[in-house]
Amino acid sequence: MTKVLVINTIGLNYEGITSVIYNYLNSMDRDNLEFNFISFEGMDKELKSKFERFGIVFIVPKRKSNVKSYIKSVNNILKNHYDVVHIHGNSGTMAIETLLSKLHGIKKIIIHCHNITCNHPIFNKLFTPVMKYTADIYIACSNAAGRWLYGKSKYIVLNNAIDLDKFKYNDSNQKSCRMEFGLNNEFVVGHAGHFDKQKNHTFIIDIFSELHKKECDTKLLLISDGPEMEEIKNKVVLLGLEQDVIFTGRRGDMDRLYQAMDLFLLPSLWEGLPVVMLEAQACGLPVLVSDAVTKEAKCTKQTQYLSLDFGAEYWAEKILEIKKTGYIRNSDAANEIRQHGFDIKTEAYKLQEIYLN
């Protein structure tokens, strides 16, 4: 039995990295693997229960706000004699976990990069050499993420794959979900993402404001929450759009929510390889994203990139252009995504082999 400790350096939350971790474990043959997890204080109880299906979840102080206590807690957990430590993050600060693992004699230390930038570039530059020296295997969610963190060092790309069957378009789910939000024949633009700087919600509202001026029979569906949510709500009220913008909060039924949309919008300032973009494509939706998003995430012909420099009105015109074409949902989306390497069954097997071999 191979004992694996999984650490998400931003905690196990309802966000992209956690979704990736869960998708992999849920699709993996775990007969010869024993998993433990590290998460932070305040972890959602329902999410904790989902991960406890796979193994023990250790709750520790938050890494960002209480580093000293976090290090002490992780150090104590590492005394449980693990064969593998798999660390997920975005920067060289994963050196904290790689160093602790090295001190405990862990034979296989894996670092896994999920983005193409970070919020603390100085710390990243200082700690990256230490992180690389103390880690054994480098993994990235895309080539862009790998080049950004590992440079010319050898790394493995593990795609942020999804369960393609789960997100397949379902007509009955579409009707029930639209009914839940009081949607009739409106054209629904949807977005799923944590309310923070990266996801560019203020620009999303600007785009929708321009769109709504041109086409009043439109709605905006915003899924998730976060530190900038109240600011965005205030902006919606200021623009008089409170009847046309729906805030769902955090949801555990994303596969249903995509069904209610007519277009998925992702004008992010940066991304590694966004899982939500893959999920939206799997549902057969047209997808409009910023050119800051890695091109590796484009799997279907209905996915288009636009520069953020074009401005909100141009983005709104592009959405109208898509709306007026009378598009049909892509019935072959799953096959197209599978051909690009984003089938979770295939990718989960690759990670399983990394753990065991």
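With sequence neighbours excluded, the residues that form a side chain to side chain donor-acceptor pair (under 3.5 Å) with Asp332 are Asn335.
Between Glu271 and Lys199 there is a salt bridge, since a side-chain N of the basic residue sits under 4.0 Å from a carboxylate O of the acidic one. Between Lys350 and Glu353 there is no salt bridge, since no side-chain nitrogen of the basic residue lies less than 4.0 Å from a carboxylate oxygen of the acidic one. Salt-bridge annotation for Glu279 and Lys166: absent, with no side-chain N of the basic residue lying under 4.0 Å from a carboxylate O of the acidic one. Checked for salt-bridge contact, Asp225 and Arg250 meet the test: a charged N lies under 4.0 Å from a carboxylate O. Using a 4.0 Å cut-off between charged side-chain N and carboxylate O, Lys107 and Asp136 make no salt bridge. Here Asp253 pairs with Arg251 in a salt bridge; the nearest charged N to carboxylate O distance falls below 4.0 Å. The pair Glu313-Lys214 counts as a salt bridge, with a side-chain nitrogen and a carboxylate oxygen less than 4.0 angstrom apart.
Distance CG/Leu288 to CE/Met277: 10.0 Å, rounded to 0.5 Å. Here the straight-line distance linking atom CD of Gln281 with atom CG of Leu164 works out to 10.5 Å at 0.5 Å rounding. For the atom pair Asp309 CG and Leu306 CG, the distance stands at 11.0 Å (nearest 0.5 Å). Atom CD of Gln352 is separated from atom CG of Asn32 by 8.0 Å, given to the nearest 0.5 angstrom. Note that OG of Ser69 is 8.5 Å distant from CD of Glu41, once rounded to the nearest 0.5 Å. Summarising the geometry, atom NE2 belonging to His88 is positioned 11.5 Å from atom SG belonging to Cys141; distances are rounded to the nearest 0.5 Å.
Atom NZ of Lys132 is surrounded by more than 12 heavy atoms from other residues, nucleotides or ligands within 6.0 Å. A 6.0 Å sphere centred on NZ of Lys168 holds no more than 12 heavy atoms belonging to other residues, nucleotides or ligands. The 12-atom threshold is not exceeded at NZ of Lys301, counting heavy atoms of other residues, nucleotides or ligands nearer than 6.0 Å. Other residues, nucleotides and ligands contribute only 12 or fewer heavy atoms inside 6.0 Å of the CD atom of Gln243.
Lys3 and Asn36 make their closest contact through CE-OD1, 4.0 Å (heavy atoms, listed as atom of the first residue, atom of the second, distance). Across every non-hydrogen atom of Cys177 and Ala260, the tightest pair is SG-CB, 3.7 Å. Of all heavy-atom pairs between Thr294 and Ala144, the closest is OG1-CB, 4.3 Å. The heavy-atom pair separating Cys299 from Ile337 by the smallest distance is CB-CG1, 3.7 Å. When every heavy atom of Ala297 is checked against every heavy atom of Leu278, the shortest pair comes out as O-CD2, 3.8 Å. The two residues Ile10 and Glu15 come nearest to each other via the heavy atoms CD1-OE1, 3.4 Å.
Proximity of Thr2 to Glu34: side-chain heavy atoms (C-beta onward) are nowhere separated by under 4.5 Å. Counting only heavy atoms from C-beta outward, the side chains of Val275 and Val20 approach each other to under 4.5 Å. Annotation: side chain of Phe127 is not in contact with side chain of Ile96 (no heavy-atom distance under 4.5 Å). Taking 4.5 Å as the limit, some side-chain heavy atom of Arg329 sits within range of a side-chain heavy atom of Cys283. Taking the side chain as every heavy atom from C-beta outward, Val60 and Ile77 approach each other to under 4.5 Å. For the pair Asn170 and Gln259, the minimum side-chain heavy-atom distance is below 4.5 Å. Side-chain contact between Val287 and Gln304 is absent, with no heavy-atom pair separated by less than 4.5 Å. In this structure, Ile111 and Ile139 have side chains that are not in contact, with every pair of non-hydrogen atoms separated by 4.5 Å or more.
Linking Ile, Leu, Val, Met, Phe, Trp and Tyr residues whenever their side-chain heavy atoms come within less than 4.5 Å places Leu308 and Ile232 in a single cluster. Cluster membership for Ile87 and Ile21, using ILVMFWY side-chain heavy atoms within less than 4.5 angstrom, is not shared. Val84 and Ile17 fall within the same hydrophobic cluster, defined by Ile, Leu, Val, Met, Phe, Trp and Tyr side-chain heavy atoms under 4.5 Å apart, directly or through other members.
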Verdict with reasoning, Lys48 to Ser39, per side chain to side chain donor-acceptor pair (under 3.5 Å) = CA-CA 9 Å; Lys48 184 171 183 284; Ser39 191; over 6 Å; no
Residues Asp262, Arg178; criterion salt bridge (Lys or Arg N to Asp or Glu O under 4.0 Å); working and verdict = CA-CA 11 Å; Asp262 294 304; Arg178 288 179 76 101; 3.3 Å; yes
Begin with the C-alpha distance, continue with both residues' side-chain angles, and end with the deciding distance and a verdict on salt bridge (Lys or Arg N to Asp or Glu O under 4.0 Å) for Lys197 and Glu228.
-> CA-CA 8 Å; Lys197 180 181 177 181; Glu228 295 186 3; over 6 Å; no
Start with the C-alpha gap between Leu222 and Ile205, add the side-chain angles, then the distance that decides, and say whether side-chain contact (heavy atoms from CB on, under 4.5 Å) holds.
-> CA-CA 10 Å; Leu222 295 177; Ile205 301 304; 4.0 Å; yes
Might you work through the side-chain contact (heavy atoms from CB on, under 4.5 Å) test for Ile204 and Asn200, ending with a clear yes or no?
-> CA-CA 7 Å; Ile204 292 173; Asn200 207 8; 5.5 Å; no
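Taking the six-membered ring where the residue is Trp, the centroids of His191 and His201 are separated by under 6.0 Å. No close placement of the Phe54 and Phe35 rings is indicated, their centers lying 6.0 Å or farther apart.
Side-chain atoms of Trp315 come within 3.5 Å of backbone N or O of Ser307 as a donor-acceptor pair. Here the side chain of Asn160 pairs a donor or acceptor atom with the backbone of Leu273 at under 3.5 angstrom. Ser176 places a side-chain N or O within 3.5 Å of a backbone atom of Asn173 that can act as its donor or acceptor partner. Side-chain atoms of Asn159 do not come within 3.5 Å of backbone N or O of Phe342 as any donor-acceptor pair.
Between the side chains of Asp29 and Tyr349, no donor-acceptor pair is found at a separation under 3.5 Å. Residues Thr18 and Asn8 have side chains that bring a donor and an acceptor to within less than 3.5 angstrom of each other. For the 3.5 Å distance criterion, the side chains of Asp171 and Tyr169 qualify, holding a donor opposite an acceptor. A donor-acceptor pair shorter than 3.5 Å cannot be found between the side chains of Asn75 and Lys72. With no hydrogens or angles considered, no side-chain donor-acceptor pair links Thr98 and Ser101 at under 3.5 Å.
Geometrically, Lys62 does not engage Phe40 in a cation-pi contact, judged by NZ or CZ lying under 6.0 Å from the ring centre and within 45° of the ring axis. Annotation: cation-pi geometry not satisfied between Lys219 and Phe181 (NZ/CZ under 6.0 angstrom from ring centroid, within 45° of ring axis). Under the 6.0 Å distance and 45° angle rule, Lys50 counts as a cation-pi partner of Tyr22.
His86 pairs in a side chain to side chain donor-acceptor pair (under 3.5 Å) with only one of the listed residues (Lys108, His112, Glu97), which is His112. Tested against Tyr138 for a ring pair (Phe, Tyr, Trp, His ring centres under 6.0 Å), the candidates Tyr150, Tyr133, Trp148 yield a single pass: Tyr150.
Clustering of Ile, Leu, Val, Met, Phe, Trp and Tyr by side-chain heavy atoms under 4.5 Å joins Leu99 with Val130.
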